[in-house]
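To start, the structure itself, in structure tokens.
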Amino acid sequence: MAGAFKALIVTVRQVALDHVELIVEHERLRDATPGQFAHILTPGTLRRPVSFSRIDGGLGRAGLLVQVVGPGTAWIAARQVGETLDMLAPLGRGFAPPDPDRPWALVGGGVGIPPLFSAWERWGWRHRAPAHVILGARKAALVLMDADFRQQAIEPLVTTEDGSRGIMGTVVDPLRQWLSRNPDGQVMACGPNGMLARVSALTEGIAGPVQLALEQRMGCGIGACLACVVPSVPVGPDGPGYRRVCTEGPVFQREELAWSWI
Amino acid sequence: MAGAFKALIVTVRQVALDHVELIVEHERLRDATPGQFAHILTPGTLRRPVSFSRIDGGLGRAGLLVQVVGPGTAWIAARQVGETLDMLAPLGRGFAPPDPDRPWALVGGGVGIPPLFSAWERWGWRHRAPAHVILGARKAALVLMDADFRQQAIEPLVTTEDGSRGIMGTVVDPLRQWLSRNPDGQVMACGPNGMLARVSALTEGIAGPVQLALEQRMGCGIGACLACVVPSVPVGPDGPGYRRVCTEGPVFQREELAWSWI
Amino acid sequence: MDLTVHLPRNLILKNPIIAASGTFGFGPEYARFVDIDRLGGVSVKGISPEPWRGNPPPRVWETPSGLLNSIGLQNPGLSAFLAEDAPFLRTLDTVVIANIIGHTVEEYAAVAQALDREPAIDAFEVNISCPNIKAGGITFGHDPDAAYQVMRRVRQATDKPVMVKVSPNMAEPWTVAEAVVEAGADMISAINTVIGMAIDLKRRQPALGGVTGGLSGPAIKPIALRIVYEIARRVRVPVIGMGGIQSPEDVLEFLLAGAEAVMVGTITFQWPDRMEGIIEALPNVLARYGFQSLKEAVGAAQRPALADEEGLAP
Amino acid sequence: MDLTVHLPRNLILKNPIIAASGTFGFGPEYARFVDIDRLGGVSVKGISPEPWRGNPPPRVWETPSGLLNSIGLQNPGLSAFLAEDAPFLRTLDTVVIANIIGHTVEEYAAVAQALDREPAIDAFEVNISCPNIKAGGITFGHDPDAAYQVMRRVRQATDKPVMVKVSPNMAEPWTVAEAVVEAGADMISAINTVIGMAIDLKRRQPALGGVTGGLSGPAIKPIALRIVYEIARRVRVPVIGMGGIQSPEDVLEFLLAGAEAVMVGTITFQWPDRMEGIIEALPNVLARYGFQSLKEAVGAAQRPALADEEGLAP
Ligand SMILES: Cc1cc2nc3c(=O)[nH]c(=O)nc-3n(C[C@H](O)[C@H](O)[C@H](O)COP(=O)(O)OP(=O)(O)OC[C@H]3O[C@@H](n4cnc5c(N)ncnc54)[C@H](O)[C@@H]3O)c2cc1C
Ligand SMILES: Cc1cc2nc3c(=O)[nH]c(=O)nc-3n(C[C@H](O)[C@H](O)[C@H](O)COP(=O)(O)OP(=O)(O)OC[C@H]3O[C@@H](n4cnc5c(N)ncnc54)[C@H](O)[C@@H]3O)c2cc1C
Ligand SMILES: Cc1cc2nc3c(=O)[nH]c(=O)nc-3n(C[C@H](O)[C@H](O)[C@H](O)COP(=O)(O)O)c2cc1C
Ligand SMILES: Cc1cc2nc3c(=O)[nH]c(=O)nc-3n(C[C@H](O)[C@H](O)[C@H](O)COP(=O)(O)O)c2cc1C
Ligand code: FES
Ligand code: FES
């Protein structure tokens, strides 16, 4: 049985205020895909889902970039090199590989950025059409992984709500501009629901696929409990259908989701 | 307000298999009396009551000799020098000082021994009549504090149930013999309920006071919740009265208790 | 921030934190450890006309995030209370609530009547979740009609503010709340403990001398919040919430669910001064969640209508 | 030590550990993580005649030692179950229990009848704690007469072993147990989740999309043990206990309280292989507490008569 396993923590690094990235290692992480996640044991009643911020399939290493928002993430962020994290992984449906010949926008907000970085790391080098990375944050101190993108040979466009770094505002305006220039483009996005709703609305009708990675509170993480659902098509007279983020997501095609209900 | 306080752990020492004695220090321990106890915060929902195994009023130091029987005592026994224990103390009614001119028997079983040692330490040196210490244990490895008594100038009589040390059997036979020689004696005893019931029966009618220190599961530890009661006189047609171990005890006069109900 | 709570019949609390009945004795026990006058109020241990013996020990047992107790409402009875405890309570500068218990409607009324004249007592909490031997083991608290009768007689016996304490051990506790409000209750307090049990594996017996016991502590907080929420949307009188409160955030959950004040019990055994700590922290925590006043938080999470819950299954 | 459990109508479990309904999907989800054939049995997610949509998210929320859920019995309905899930279940070498739900007596009967012919299904668990919209929001599970009607129709529809799952959200759950045994139930399973609620302070709203939810996990273990104990002393059929089981010691508590087998739910989310661990450890733990066989532990903490509890108050 491929049950839970203990991944060794090989690196811990503070990446921003209240944000820590851990690199963990285990052979079962070898075939992790960008957009997939690990379901991590913490002292609470439930495990905590965290996306992969980077994946080195060869070494079986993956990154977990965690924002401390409560007891579970605080506990994860306090782990030390040499300790292990008990996890179920890799879980969920990750991003489908981008078409290398179509313009590609990667749009991330807050801790939605890490899965996009892992997508760029995996597929950026073989991408032939232009690519554009838009990263949003509340303020300069909270911009995540921009240096990582730069290291992987792309200059991300940064937006901050207070204008303390990059363009003042959200990722929405730069994306609108990009879409008007690239109506044949494809989009990957991850971030708060409000942001994803805007991305979904803006991208209606574009030619390429739009992949959105969602969050939802989870129970089992493996498809058994139906806790982690999001409203999705078809929408009937009495409401939407529900799909599981843990197995049918976290990455959905925009057409699958019922945004008016989310 | 004299609320809970944090006593500094100044010594930790393993005294027998699964038995650890900690010495803690705080000025509020200065007027602790033998037979009283500390109500100690552990990770559980309730504090844990532990008697004082020794008291140095001058230094404000007290001993806590703990047998590991569950999560709370395991946690206490795992503390290190330099850490603190959060406690309400000293609590309860301790032993009344013995009459120095009356033969005195101290009878202890298992973790009932520590409070008797603190009584001997406090009052032994000024005792003029003969004194006799009887210590019971299941087996040799579990005999507690016999060396401490020896250091305080008295040779305890040791009984073990398997005969692996001292006399084979329980404290009951030696006590019976002592009582037949000392019908004018006084007795202090602490140990399992079964042992105390025998002590109570044996000492019926002796001239001196018989003080028994009891245990009971506790809530508040300070007399407010009525959790820690033991059956006591008067016994009515519908049952006994109930007294609180935490405030009316832990030390009771044998006449106060309703042994047929305990 | 002003933490004063105005309750019916001019009952005014300095702040919304009240010591819960049965966990705070009759007051003097904790006086060494807590500055009682800083509390919003104290609900004393249940009082019956005659002394009650209570249940055989053990009377407490730990459970995950919870505490089982089977005290069995041991108390010295009305005359002993008046002689020994009332004098101390008269010296307190906080609201003192008499928690009253009885086997019959008349017993409740007798305690209320006697304490109506006692200046130490500012209000009553009628505890109707104790066994009613006369009615064959069905408790008053599970029968709206019986609860109504109790409250009606208590109302005749006193003009002081009266709250009725509701049991969680039934399908629809609000039916009892509605009945006692109809009978003149000024407030509802909720919840009493949830019936539970533990097995002592070593002795191969029920762990508690009383076989079953009442579960309290954080384990029951979700149960308590739901009952407070349901009662608050159905009755027009203030609700005093309780069950598992440990922190100012827990207090906020109860306020948002609809409680105007709260009672704090089990946590006091671990941290005698926690209630004071909560009172101190409350203004900041209210502000952190964007509330300008205590009042603003009360019921802030109530959904508008009852209708939208129909058809939802747990 | 032999862990086999013999239940009515020749239902034989390899061991007393069954995966609880709703926490184990329809089987295949956990097949990657657990050796399902080692379990005593699996109770699948509740099945209704037509698909149920379930409640809006969020559907889970953590509480102290507990979990609130408001899944709302989402399920794909009977035909999808037969087409997509039954084939996998037929491959299992363990007892498969179909948990059935409905809005009406006839809906329960329809599922039972259809699955009576399905070889994947070895037994039924009738879940009568879901809302009965036809009866105005009162659930079948809180009304012994309605429960009796459901069980009687299910009994007519199948000769396979049937257990009825009892709700804890009422004063006397055993009245329902007694009624369904009267109507032909072969076993009782207890308990379903306890209704509870949490407030999301940040959003100033009930935390769950369904407003209220069902509380599970260690927090409810004392409530579950008490109900199992009370039912086991009143009905002559086997009781399957559950609620907060995390360890072999917890299993023993349920056995001593009177359960013949147990179900394990919430802990599986944290530790998918915990059930296997419990099965492995159980013989040693039974022996440590002096039991020569599983059977010997069942009901070992039951007190002889009902009478001795009279007059005891929590
Ligand atoms: C697929 C997926 C990928 C994620 N990836 C990342 C990531 O890469 N980095 C990161 O920092 N965070 C990520 N999150 C969010 C992260 O899971 C939550 O922040 C975390 O669970 C909060 O736990 P807590 O105990 O610190 O906070 P609390 O708020 O106290 O958590 C209480 C409960 O709510 C759940 N919860 C709270 N917030 C969320 C949320 N936003 N999404 C899902 N469950 C939540 C927790 O799991 C727990 O059950 C991801 C969530 C999902 C679903
Ligand atoms: C006045 C008094 C003095 C004591 N002095 C000592 C001492 O000097 N040394 C020592 O080792 N032990 C002493 N004990 C017993 C000690 O309190 C228990 O062993 C301890 O509380 C067990 O906690 P646990 O978590 O390890 O075990 P668990 O059995 O898991 O405890 C669970 C619960 O039961 C209570 N409990 C369990 N056993 C007892 C018991 N025998 N008495 C009271 N409550 C109990 C615990 O406080 C806790 O609430 C004393 C008890 C009392 C009442
Ligand atoms: C040891 C103990 C004794 C109690 N005695 C009473 C009582 O006499 N009268 C009463 O109305 N409630 C009594 N209760 C219930 C509490 O007042 C309160 O309703 C319950 O404990 C839930 O709050 P908590 O979780 O903060 O403790 C008692 C609770 C405990 C733990
Ligand atoms: C997420 C979740 C979903 C559940 N769904 C069902 C269900 O469909 N049918 C049912 O009878 N019980 C359902 N239950 C209740 C469990 O089967 C079980 O009775 C309860 O969770 C108590 O056991 P536990 O504490 O071990 O989880 C569900 C429980 C949870 C946590
Ligand atoms: S978390 Fe259980 S189905 Fe997704
Ligand atoms: S422990 Fe509360 S009265 Fe003794």
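Everything numeric here is computed off the predicted structure, so don't read it as measured data. Within every chain, numbering begins at 1; the chains are lettered A, B, ... in the order of the sequence lines, protein sequences first and strands thereafter. All values below come from the heavy atoms of this structure, side chains included, with hydrogens, waters and symmetry mates left out.
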Would you sort out whether C:Leu67 and C:Trp61 count as a side-chain contact (heavy atoms from CB on, under 4.5 Å), showing the intermediate values? CA-CA 6 Å; C:Leu67 174 67; C:Trp61 196 267; over 6 Å; no
Between D:Trp52 and D:Gln74, does a side-chain contact (heavy atoms from CB on, under 4.5 Å) hold up when you go through it step by step? CA-CA 5 Å; D:Trp52 284 14; D:Gln74 178 178 342; 5.6 Å; no
Side chain from CB out, backbone as N, CA, C, O: work out which of these in D:Leu215 comes under 4.5 Å of a heavy atom of chain C, or both, or neither. side chain
Which pair of heavy atoms, one from D:Val239 and one from D:Ala232, lies closest together, and at what distance? CG2-CA, 4.0 Å
Between D:Arg288 and D:Glu249, is there a side-chain N and carboxylate O pair less than 4.0 Å apart? yes
Heavy-atom distance under 4.5 Å to chain C: side chain of D:Phe291, backbone, both or neither? both
Measure D:Leu252 against the heavy atoms of chain C and call it side chain, backbone, both or neither at under 4.5 Å. both
Counting only heavy atoms closer than 4.5 Å, note whether C:Leu68 contacts chain D via side chain, backbone, both or neither. side chain
Quick one: which of C:Pro173, C:Pro206, C:Gly244 has the most heavy-atom pairs under 4.5 Å with chain D, could you say? C:Pro206
Do you know which of C:Ala219, C:Pro168, C:Pro222 has the most heavy-atom pairs with chain D at a distance under 4.5 angstrom? C:Pro222
Assess the residue pair D:Ile128 and D:Lys165 against the criterion (side-chain contact (heavy atoms from CB on, under 4.5 Å)); give the C-alpha distance rounded to whole Å, side-chain angles, the decisive distance to 0.1 Å, and a yes or no. CA-CA 6 Å; D:Ile128 49 168; D:Lys165 187 160 179 181; 6.0 Å; no
